[in-house]
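Letters A, B, ... mirror the listed sequences (proteins, then strands); counts begin at 1. Just so it is clear, the model here is predicted, and its values are computed rather than measured.
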Amino acid sequence: MMDKQFTAAAEEPHWRAVWERLEIGHANPDSDRPAFSMALPPPNITGRLHLGHATNGALQDALARFHRMRGAEVCWVPGTDHAAIATQNVIERQLAEEGTTKEAIGREAFDARVAAWYAMVQGEILEQLRRLGTTCDWSRARFTLDDAYVRAIRLVFRTLFDQGLIYRGPRIVNWCPRCRSAISDEEVDFREHHDTFYFVRYAAADGGPDGITIATARPETIPADVAVAVNPLDPRSAGQVGRLVLEPLTGRPIPVIADPLVRVDVGTGALKITPGHAPDDYEIGQRHGLPVRSAIDLDGRMRTPELPELDGRPVEEGRTLAVERLRASGAMEREEPLVHMVGHCDRCGTVIEPLVTPQWWCRMSELAEPAARVVRDGTIRFHPARFADEYLDWLDGLRDWCVSRQLWLGHRVPVSTCANGHVFSWVEEPASCPTCGAVELEHDPDVLDTWFSSALWPFAILGWPDATPELGRFYPTAVLSTARGILRLWVARMVITGLRFTDAVPFHDVCIHATVLAPDGQVMSKSRGNGVDPLAMVDRHGADAVRAWAAQIAMGTQDTRFDERRIESLARFANKLWNMTRLLWTSLPRDSDDRIRLAPPPVPEALELADRWILARCAQVTDRVTSAFEQFDLSEAITTLYDFSWGEVADWYWELVKERLATDPAAGWVASQVLRTTLTLLHPIMPFVTDACASRFAEQPATLDLAAWPSPPRDWADGQAVAAMTHVIDCTRALRSELQDAIGAARSVRSGPMAAVRLRHGDPVLLAEPARGYVARMAGITWRDGADAGDGGRALVVGASELEWTPLTENAAGPDPEQLQRELARVDAYAAGLGAKLAGPFASRAPAAVVDRERGKLAEADRRARALREQLAAAGAPGTVAPGSGPDR
RNA sequence: GGGCGAAUAGCUCAGUGGGAGAGCGCCUCGCUUACACCGAGGAUGUCGCAGGUUCGAGUCCUGCUUCGCCCA
C-alpha cells in the first residue's frame with residue numbers, strides 16, 4: 001500500500017534505523033576511497049539546539065551524503081563543547097532560582113550538578129541531531145572534557161609555554177564582575193549606552209589660575225588617575241605638558257603628558273589617564289612608564305580607602321557620589337548627554353570592568369602570520385569569499401589573547417609552582433618539581449578559555465597527538481561550516497593551532513551560513529523569547545522540509561527572517577515526490593515484494609518526443625545540481641530540483657506519460673529512470689522522503705546513500721527534443737489561457753475538446769505527431785487539418801507558430817474588442833520599441849546571437865499584431881458570426 | 001568613527017550585463033483514478049533615490065537614504 005500522503009512522522013524513525021543499522025555514517029580509515037571529512041562545530045552544552053544548529057547540521061549532512069554518494073570515505077565527527085563560562089552561568093542561574101549559590105553549595109556539589117547537566121544535555125543534543133537525519137560518525141563523538149582531549153589541550157599549552165608563547169602577567173583585562181572572571185576581547189559585546197559626559201576641571205598644582213579641563217564618562221575612576229594627557233599636535237596643549245595638576249577628588253598632584261592617542265576632537269582634547277580602568281589609558285600609561293592605580297575591585301565595587309564615602313559602594317553609586325562631590329567642589333564645569341558604546345560580558349550581559357589582574361596570555365603576533373598566509377594564498381577558501389577579509393582584518397594587529405579564566409568550570413591551567421618558585425607546565429600532573437625535586441606543588445587555580453580547547457577541535461577529535469589512523473586519513477578536514485559570529489573566536493584560532501601543531505591547515509573550505517532571524521527581523525534569543533525550536537518544525541513539517549529550507553537559506557548573502565510558510569511549501573514538495581512515486585507504483589508492474597519492477601532499457605526507437613525531452617532535461621539538471629553541490633550552493637541545488645520535479649516532471653511528463661504506463665514498457669522505463677535520478681539527486685538534502693520513495697523500486701540499494709551519484713549517459717542529451725517540447729508547452733499554455741478566457745476551459749475538460757485548432761503558419765515539424773497529440777490532450781483541443789483559411793477562426797501566435805482556433809462549445813464568449821484593442825496597443829508599442837532598438841547601434845554592436853533573438857521577437861510581435869488586427873476586424877463587423885461555433889457542426 | 005552586507009510583488013525571498021521570477025496570500029474555475037498537502041488560468045512591480053559606464057543595467061561604478069551586522 002501507498003498512502004495518499006507522505007507521513008514524515010511514520011517514515012523518519014524507520015529510515016534513521018536503517019541508516020544506523022548500515023552504519024552509513026561510520027568512517028573506515030582502511031578503505032581505499034578518497035577521504036572527505038568534517039568536524040561538526042561542537043554545540044555548547046547549554047541547552048537544546050536552535051535553528052542555527054539545525055541549519056548548519058542540515059548543510060553539513062547534505063555535503064556528507066553528497067560526497068559519500070560520489071564515492072568518498074566520509075568522516076564527519078560530531079561532539080559537544082563543555083562551554084565553561086556559558087555552562088557555569090546556566091548552572092548558576094538554576095541555583096539562583098533555587099535560592100542558593102555555587103558558593104553556598106560548595107565545589108563538590110557544584111561539580112556534581114555540572115556532571116548531571118552534561119549527561120542530560122549531551123544526550124539531548126545528539127538526539128536532536130539524529131532527528132534531523134544527520135549521518136555523523138556517532139562512534140567517534142567527542143566531548144571537550146574527554147581524557148584524550150584534555151591531554152591534547154595540555155600538550156598544546158605546555159608546548160606554547162615552553163616556547164615562551166604563553167606567559168603570565170598582570171595586564172589590563174576585560175573583567176566581568178558577575179562571572180568574577182577575565183574574558184577575552186572577542187567575548188566583549190558592545191552596546192550603546194546613553195550616559196553623561198562630565199567636564200571636570202583639574203586645578204593647577206601650583207595654585208595658579210590655569211587648570212585643565214578633561215571630559216570623562218567615568219568620574220568614579222578619578223581616584224585612580226595618574227596623569228592628564230593631551231595630543232602633542234593640539235595647539236591648545238602648548239605649555240601644558242610637564243605641568244602638575246590636582247586630581248580633583250583626593251587632590252593628588254599628577255602630571256600632564258602628551259600622547260598621540262589622545263583625540264583632539266573629543267571632549268576638551270584633554271584625557272584623564274587611568275591605566276587601571278581603561279585599555280587605552282593602560283597603553284598610554286605603559287608608554288610613559290606611569291604607575292597603575294586601582295579604584296575598583298574584582299567584585300565591581302569601589303575600593304577607595306582615601307574616600308570612605310565611596311569605598312565599598314557599587315560602581316554606579318560611586319559614580320553618583322563622585323559627581324556630587326565634584327559639583328559641590330566646583331570642579332564640575334558642565335555635563336552633556338553622551339551616547340557611546342559600552343562593553344558587556346557576552347555570556348551574562350554585565351558591564352565589563354577593565355581591570356589590571358594577573359592572567360595567562362598567548363602571544364599572537366608570531367602565530368597570526370602563518371594563519372593569514374594560508375588564506376591569502378588560497379589554501380583556505382571562504383564561502384562567501386568576502387569573509388576572508390574579515391578574517392584577515394582580525395589577524396592584523398592582533399593583541400595577545402587572555403586564555404585564563406577565574407571560573408569553577410573548565411580545564412585547569414596545566415601549570416604548577418613549587419615551593420622554590422619554579423613554574424612549569426605539564427601534561428600529566430607531576431609529583432615533584434622537575435627542576436629541584438620539591439614535592440610541594442601548587443596547581444594554578446585558573447581554568448582555560450573555552451575557545452582555547454575549541455581551537456584544537458579538528459585534530460584533537462581525530463586522536464592528536466597520537467598518530468592515529470584517523471588523523472592520518474581524515475586530517476586535514478575538507479570543509480568547516482559555521483556561523484559568522486565565531487569566525488574570530490573559533491575559526492581563526494583553529495587555523496592558528498592547526499598550522500602550529502600539525503603543520504597543516506585544519507580545513508580547506510570554510511562555509512559561513514546565514515543567520516536566521518525571528519520573523520520580526522530581530523536576532524533570535526532566549527531572553528527575547530522569539531526563538532523557534534527546530535524540532536517543533538520537524539514534528540510539524542518533517543525533517544526533510546526543515547532540511548530543504550535550510551538548504552535554501554543557508555548560503556544566502558543576507559541573514560534571513562524565519563518564515564514557516566517556506567518550510568510548509570517544502571513539506572508539500574515531499575508529498576509531491578511521494579505521489580509522483582505513487583503514480584508509478586500504482587501503474588507499473590510490481591514484483592513479489594510489491595516493488596516496481598524495472599523494465600529493460602528500450603531501444604532508442606521506442607522513445608518518443610516526451611521521453612527524449614525529459615531524459616535530456618534530467619541530464620541537464622544532473623549537471624547543474626552536481627556543480628551546485630561542488631560549489632556549496634545548496635540553494636541552487638534544491639531550487640533546481642524543486643522546479644524540475646514539480647514544474648517539468650510532474651506537471652508535464654507525468655501527465656503525458658500516465659496513459660502509456662500500462663502498455664508501453666519504454667514509458668515505464670523512462671519514468672522510472674527520471675524519478676530515480678531525481679530522488680537520488682535530492683537525497684543529500686531530503687534523505688527521508690527520497691529513501692521512502694526509492695525503496696518502492698526493485699533493485700534499489702537499502703538506502704540511496706549507497707547508490708552511485710547519477711551520471712546520465714551522454715546520449716540523453718537532445719537539444720531538438722528540448723526545443724520541440726518547449727514549444728509544445730508554450731502552445732499548450734497559450735491555448736489554455738485563450739480558451740479559459742473565452743470558454744472557462746477547465747470546466748469541461750472531460751466532456752471533449754473545446755476547440756478545433758489548425759496550424760496556420762509555422763514549422764510543421766515542431767507540431768508534428770506526437771507533439772500535436774500532447775497539445776491536444778493537455779490543452780483540451782482537437783486538431784483540424786486543411787487549408788481552409790479565412791473561415792473566421794481566431795488567430796493565436798505562439799513563438800514561431802501561428803495557430804487558428806474555433807470554439808466547439810456553445811457558451812464561448814466572443815473576443816472583447818476593448819481587450820483586443822488594449823492588447824494590440826501593447827504589442828504595437830513592444831514591436832515599435834524593438835524596431836527602434838534594431839535600427840540603432842544595437843544591431844551592429846551587440847553580439848549576433850542577441851540581435852537575432854531580438855529580430856525573432858520582433859517578427860513574432862508583428863505576427864501577433866497582425867492576428868489581433870484580424871480579430872478586431874472580425875469582431876468589429878456587426879453580424880459576423882464565427883462559423884463552426886457549435887459542437888454539433 | 002571605520003568596515004561589510006542588504007533594499008525586487010501584500011509577506012518571505014531567488015534572480016552573478018541581453019525578454020522582471022518563486023512560495024505564501026488574493027481572484028476565477030475544476031472534488032479529473034498520483035497528489036485538494038492537488039490541478040488550470042489570472043491580477044499584483046518607478047527592482048530604495050540620483051547620477052555614471054554600456055548598443056543594452058534589477059545586475060557594473062559613484063554618491064545619497066534607510067535597515068542590519070562586525071569592529072573601534
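Nearest-nucleotide mapping onto RNA chain B: of A/V523 and A/T639, the residue sitting toward the 5' end is A/T639. When each of A/E854 and A/F562 is assigned the nucleotide of RNA chain B bearing its nearest heavy atom, the one mapping closer to the 5' terminus is A/F562.
You'll find the side chain of A/E854 reaches within 4.5 Å of the side chain of A/K857, heavy atoms only.
At a cut-off of 3.5 angstrom, counting only N and O atoms as typed in the model, there is no donor on one side facing an acceptor on the other between the side-chain of A/K4 and the base of B/C35. Under 3.5 Å, the side chain of A/E655 and the base of B/A34 form at least one donor-acceptor pair of N or O atoms. A donor-acceptor contact under 3.5 Å links the side chain of A/R565 to the base of B/C11.
Base contact: A/M341 has a heavy atom under 4.0 Å from a base atom. At the heavy-atom level, A/W646 lies under 4.0 Å from the strands shown only through sugar-phosphate atoms. Base contact: A/Y830 has a heavy atom under 4.0 Å from a base atom.
Between A/W549 and A/F562, the distance separating the two ring centers is shorter than 6.0 angstrom. Centroid-to-centroid, the aromatic rings of A/H193 and A/H344 come within less than 6.0 Å.
Residues A/E283 and A/R287 are paired through a salt bridge, judged by an N-O separation under 4.0 Å between the basic side chain and the carboxylate.
Between A/T560 and B/C13 there is a side-chain N or O to OP1 or OP2 distance below 4.0 Å. A sub-4.0 Å separation between OP1 or OP2 of B/G39 and a side-chain N or O of A/K576 is present. The side chain of A/T581 places no N or O atom within less than 4.0 Å of a non-bridging phosphate oxygen (OP1 or OP2) of B/A34. Of the side-chain N and O atoms in A/R572, one or more sit less than 4.0 angstrom from OP1 or OP2 of B/C38. Between B/G23 and A/R566, no contact under 4.0 Å exists linking OP1 or OP2 to a side-chain N or O.
In the set B/C13, B/G18, B/A36, the nucleotide with an atom closest to the side chain of A/P847 is B/G18.
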